Chemist: 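Take this structure, written in structure tokens, and hold onto it; I'll ask about it next.
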Amino acid sequence: MDLEKWTDLGLTFAKNYGIKIIGAIIIWIIGSWLIKKANKMIAKVMDKANYDASLQKFLLNLISWVLKILLFLAILSQLGVETTSFAAILAAAGLAIGMALQGSLGNFAGGVLLMIFKPIKIGDLIEAQGELGVVKEIEIFTTKILTPTNKEVIIPNGALSNGNITNYSTEGKLRVDLTIGVSYDADIKQTKEILMNVLTSNPQVLKDPEPTVNVSELADSSVNFAVRPWSTVEDYWDVYFGTLEKGKEALDAAGIEIPFPQVDIHKKD
């Protein structure tokens, strides 16, 4: 008797809801396929229109989420759920959820601000929230940067848009600040010529702005020179380390001493 009862219930459920469930599954499959196709088509249109890579990624994420929400509502409608009532419930719940997720909404707003004012873009070398790295992705809620040690750092867009951002790539040129000290016995003019020759002979050092070499300090045991070459963002570290290496070699070849801290000890008999 129980088996017949359960069988009847199963048949009744299948009769009343089977077609709706199958329709919902079909809508989900076709809808998911259409969303993927739409995203690809929109991406191609953006490529042809030369959209900024950062803006393109952000808009595609946003459009994808909107389409998924619409698909979800279509599935609910197919299952017989009143979408108007559901929308009212969703709106009421949205207020409570919004209060609980203020941080996430702030991050979304921060992402929108980053897209509008464009202080950064994909590929820029930036320093923000105590992190230094190249912008890898700008998403709806977060921005990913890749540090020089190849670590991925995820920064909330709310904090990023409200904090200080140092963008090293905006102007395309960076000044390399170096200090090289020589002995007080060294000839200042000769030392400047040697260091300047090291800079001008390096093809990675930019001609405009011109590099400079100047006495910056008369220290306790050395005369310090401020060595200031300019380079592209990509060549910064090559110029930094190359100048130190070639500068040392050139000074050694000229017999100019680079002093190091020493302590003289006198023994009394």
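These numbers come from a predicted model, not from an experiment.
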Chemist: Can you name the closest pair of heavy atoms from Ala38 and Leu67 and give their distance?
Modeler: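 Of all heavy-atom pairs spanning Ala38 and Leu67, the closest is CB-CD1, 4.3 Å.
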
Chemist: Could you grab the distance from atom CG of Leu174 to atom OH of Tyr168, nearest 0.5 Å is fine?
Modeler: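 Rounded to the nearest 0.5 Å, the CG-OH separation comes out at 8.0 Å.
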
Chemist: Give every donor-acceptor pair under 3.5 Å between a side-chain atom in residues 178-187 and any protein atom, sequence neighbours left out.
Modeler:
{"unit_1": "Ser183", "atom_1": "OG", "unit_2": "Asp185", "atom_2": "N", "d": "3.1"}
{"unit_1": "Tyr184", "atom_1": "OH", "unit_2": "Ala219", "atom_2": "O", "d": "2.7"}
{"unit_1": "Asp187", "atom_1": "OD2", "unit_2": "Lys189", "atom_2": "N", "d": "3.1"}
{"unit_1": "Asp187", "atom_1": "OD2", "unit_2": "Gln190", "atom_2": "N", "d": "2.7"}

Chemist: Any idea which heavy atoms bring Ile138 and Lys121 closest together, and the distance?
Modeler: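 Closest approach of Ile138 to Lys121: CD1-CA, 4.3 Å.
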
Chemist: Thr191 vs Leu195, test: side-chain contact (heavy atoms from CB on, under 4.5 Å). Steps then yes/no.
Modeler: CA-CA 6 Å; Thr191 303; Leu195 293 175; 4.0 Å; yes

Chemist: Under the side chain to side chain donor-acceptor pair (under 3.5 Å) rule, what do Asn224 and Ser216 come out as? Steps first, then yes or no, please.
Modeler: CA-CA 6 Å; Asn224 292 337; Ser216 62; 5.4 Å; no

Chemist: At their closest point, which heavy atom of Ala159 faces which heavy atom of Asn107, and how far apart are they?
Modeler: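 Distance-wise, the nearest heavy atoms are N-OD1, 4.3 Å.
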
Chemist: Tell me if the CG atom of Asp177 is crowded by more than 12 foreign heavy atoms within 6.0 Å.
Modeler: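 Enclosed.
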
Chemist: Please list all pairs meeting ring pair (Phe, Tyr, Trp, His ring centres under 6.0 Å) that have one or both residues in residues 229-258, counting only residues at least two apart or in different chains.
Modeler: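 For residues 229-258: Trp237-Tyr240, Trp237-Phe241.
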
Chemist: Which one of Leu125, Thr170, Asn167 satisfies the side-chain contact (heavy atoms from CB on, under 4.5 Å) criterion with Ile120?
Modeler: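 Going through the options one by one, the only one that passes is Asn167.
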
Chemist: What's the shortest heavy-atom distance between Ser221 and Pro259, and which atoms?
Modeler: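 Minimum heavy-atom separation between Ser221 and Pro259: O-CG, 3.3 Å.
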
Chemist: Any chance you could lay out the side-chain contact (heavy atoms from CB on, under 4.5 Å) test for Ile256 and Ile194, step after step, and finish with the verdict?
Modeler: CA-CA 10 Å; Ile256 296 176; Ile194 291 172; 3.6 Å; yes

Chemist: Specify the closest pair of heavy atoms between Gly123 and Ser169, including all atoms of both residues, with the distance to one decimal.
Modeler: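 Looks like O-OG, 4.3 Å.
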
Chemist: Do Val135 and Thr143 have side chains that get closer than 4.5 Å, going by heavy atoms?
Modeler: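 Yes, their side chains come closer than 4.5 Å.
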
Chemist: Measuring from atom CD1 of Ile30 to atom CD1 of Ile25, what distance do you get when rounded to the nearest 0.5 angstrom?
Modeler: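 Spacing of CD1 (Ile30) from CD1 (Ile25) equals 12.0 Å.
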
Chemist: Side chains of Met196 and Glu193: does their closest heavy-atom pair fall under 4.5 Å?
Modeler: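 Side chain of Met196 against side chain of Glu193, heavy atoms only: no contact under 4.5 Å found.
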
Chemist: Which heavy atom in Ala128 sits nearest to a heavy atom in Ile155, and how many Å separate them?
Modeler: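 Nearest pair, atom of Ala128 first, then Ile155: O-CD1, 3.9 Å.
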
Chemist: If you apply the rule side-chain contact (heavy atoms from CB on, under 4.5 Å), what do you find for Phe225 with Val223, and how did you get there?
Modeler: CA-CA 7 Å; Phe225 287 80; Val223 177; 3.9 Å; yes

Chemist: Quick check for you: to the nearest 0.5 Å, what is the distance between Asn202 atom CG and Asp235 atom CG?
Modeler: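 If we round to the nearest 0.5 Å, Asn202:CG and Asp235:CG are 8.5 Å apart.
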
Chemist: Nearest 0.5 angstrom please: Ile27 CD1 to Leu34 CG, how far?
Modeler: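 Spacing of CD1 (Ile27) from CG (Leu34) equals 11.5 Å.
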
Chemist: For the pair Ile145 and Glu131, evaluate side-chain contact (heavy atoms from CB on, under 4.5 Å) and give the outcome as yes or no after the intermediate values.
Modeler: CA-CA 9 Å; Ile145 67 172; Glu131 301 290 347; 3.8 Å; yes

Chemist: What is the distance from atom CD1 of Ile165 to atom CZ of Phe117, rounded to the nearest 0.5 Å?
Modeler: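 Ile165 atom CD1 to Phe117 atom CZ measures 12.0 Å (nearest 0.5 Å).
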
Chemist: Between CD1 of Ile140 and CE of Met115, what distance do you get to the nearest 0.5 Å?
Modeler: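 Result: 10.5 Å between the selected atoms.
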
